[in-house]
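Have a look at the structure below before the remarks.
Computation of the quantities below employed the complete heavy-atom set of this structure, encompassing side-chain atoms and omitting hydrogens, waters and symmetry-equivalent molecules.
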There are 2 protein chains.
Amino acid sequence: MSLDNKKDKGIQSVIQIDRLVHEPARMLIMAILLSVENADFLFLLKQTGLTRGNLSSHLSKLETAGYVSITKEFVDKIPRTLLTATDGGSDAFENYRRRMIGILENC
Amino acid sequence: MSLDNKKDKGIQSVIQIDRLVHEPARMLIMAILLSVENADFLFLLKQTGLTRGNLSSHLSKLETAGYVSITKEFVDKIPRTLLTATDGGSDAFENYRRRMIGILENC
DNA sequence: TCAATTAGGTTTGCAACACAAACTTGTATG
DNA sequence: CATACAAGTTTGTGTTGCAAACCTAATTGA
């Protein structure tokens, strides 16, 4: 009856999960960025299936949080937006993953 | 370089995850309901640490979705709101858990 | 006896968010 | 040059999560 055992103590902490990573669209973006060497806007657009506007605003939020760095360059006069996960972003994602798996495996 | 391997095909599906369960407060509510015989409003209030209003509105959403059934009774003239996870709710939660673990374990 | 308090929830109000449509800026093409 | 296209960004909108305010009924106390 009591919820004071290890199993249940864990799940309470789901309330404090990192919501920036928790949002599915951003979780996907981070996972992709961490799995490839380099990614640009169009690559992410294809891989995620998000609309351009949506992708753009999620990237801005991740940048503001310091999880992703955005670099703009020109290749043959065509703009190219390069996205990279920062160390902080990598840590945040790994923490999220670990905690979330821990929580879900004990329900 | 390509993302067409098993690992990455999985994560794309995070976009279609069940958002009703994905919300931390509701995930917690469902997990608690599935782990105890019976729970009333006040018990959930204590266990979750949510405010009354917040708990109430999350429960309404879960009820609307058919994940939780809400029964009101009176005990010594005091109202008591009984919450139970439905079979559908139990299935939804289990599916969420399985899919989410699968996704997170392959990043 | 009847104001004030407490208990158990619900409704309302609001800031933040996710999303897509519309816009912007710049390049190629007819 | 104007028309279309490409690469993003900004704007607009409906939805959400949250807590404050509210409601209803029971209890207390003066």
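B/F41 meets the ring-ring contact (aromatic ring centres under 6.0 Å, His included) test with no other residue; sequence neighbours excluded. A/E94 meets the salt bridge (charged side-chain N to carboxylate O under 4.0 Å, His left out) test with A/R97; sequence neighbours excluded.
At the heavy-atom level, B/L45 lies nowhere under 4.0 Å from the strands shown. Among the atoms of the strands shown, none is found under 4.0 Å from any heavy atom of A/S60.
Rounded to an integer number of Å, the gap from CG of B/L44 to C1' of C/dA7 is 17 Å. For the pair A/L20 CG and C/dC17 C1', the interatomic distance rounds to 11 Å; values are reported in whole Å. Distance A/L28 CG to C/dA18 P: 14 Å, rounded to the nearest Å.
In this structure, the side chain of B/T48 engages the main chain of B/L44 through a donor-acceptor pair within 3.5 Å. With hydrogens and angles ignored, the 3.5 Å screen pairs no side-chain donor or acceptor of B/S90 with any backbone N or O of B/T86. The backbone N or O of B/S60 sits less than 3.5 Å from a side-chain atom of B/T64, completing a donor-acceptor pair. Although no hydrogens or angles enter the test, the distance criterion places no donor-acceptor pair under 3.5 Å between the side chain of A/R19 and the main chain of B/P24. Within the 3.5 Å criterion, the main-chain N or O of B/I32 finds no donor-acceptor partner in the side chain of B/Q47.
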Quick one: side chains of residues 68-83 of chain B, donor-acceptor pairs under 3.5 Å with protein atoms, not counting sequence neighbours, listed by atom name and distance.
| unit_1 | atom_1 | unit_2 | atom_2 | d |
| --- | --- | --- | --- | --- |
| B/E73 | OE2 | B/R80 | NH1 | 3.3 |
| B/R80 | NE | B/D40 | OD2 | 3.1 |

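Distances shown here put a side-chain N or O of A/K61 below 4.0 Å from the OP1 or OP2 atom of C/dA18. B/T81 has a side-chain polar atom (N or O) that falls below the 4.0 Å cut-off from OP1 or OP2 of C/dG9.
In summary, the side chains of B/D91 and B/Y67 do not present any donor paired with an acceptor at a separation below 3.5 Å, with no hydrogens or angles considered.
With a cutoff of under 4.0 Å to any heavy atom of chain A, the contacted region of DNA chain D is bounded 5' to 3' by D/dA7 to D/dC18.
Both B/R26 and A/D40 lie near DNA chain D, and the one whose nearest nucleotide falls closer to the 5' end is A/D40.
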Can you check each nucleotide of nucleotides 19-30 of chain C against protein heavy atoms at under 4.0 Å and return B for base, S for sugar-phosphate only, - for none, in 5' to 3' order? BBB-----S---
With side chain to side chain donor-acceptor pair (under 3.5 Å) as the test, would you mind laying out the steps for B/H22 and B/D18 before giving the verdict? CA-CA 6 Å; B/H22 192 60; B/D18 183 346; over 6 Å; no
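Overall bending of the helix from C/dT1-D/dA30 to C/dG30-D/dC1, expressed as the angle between end axes built from five pairs apiece, is 30° (10° steps).
Expressed to the nearest 0.5 Å, how far CG of B/L104 lies from CD of A/E105 amounts to 10.0 Å.
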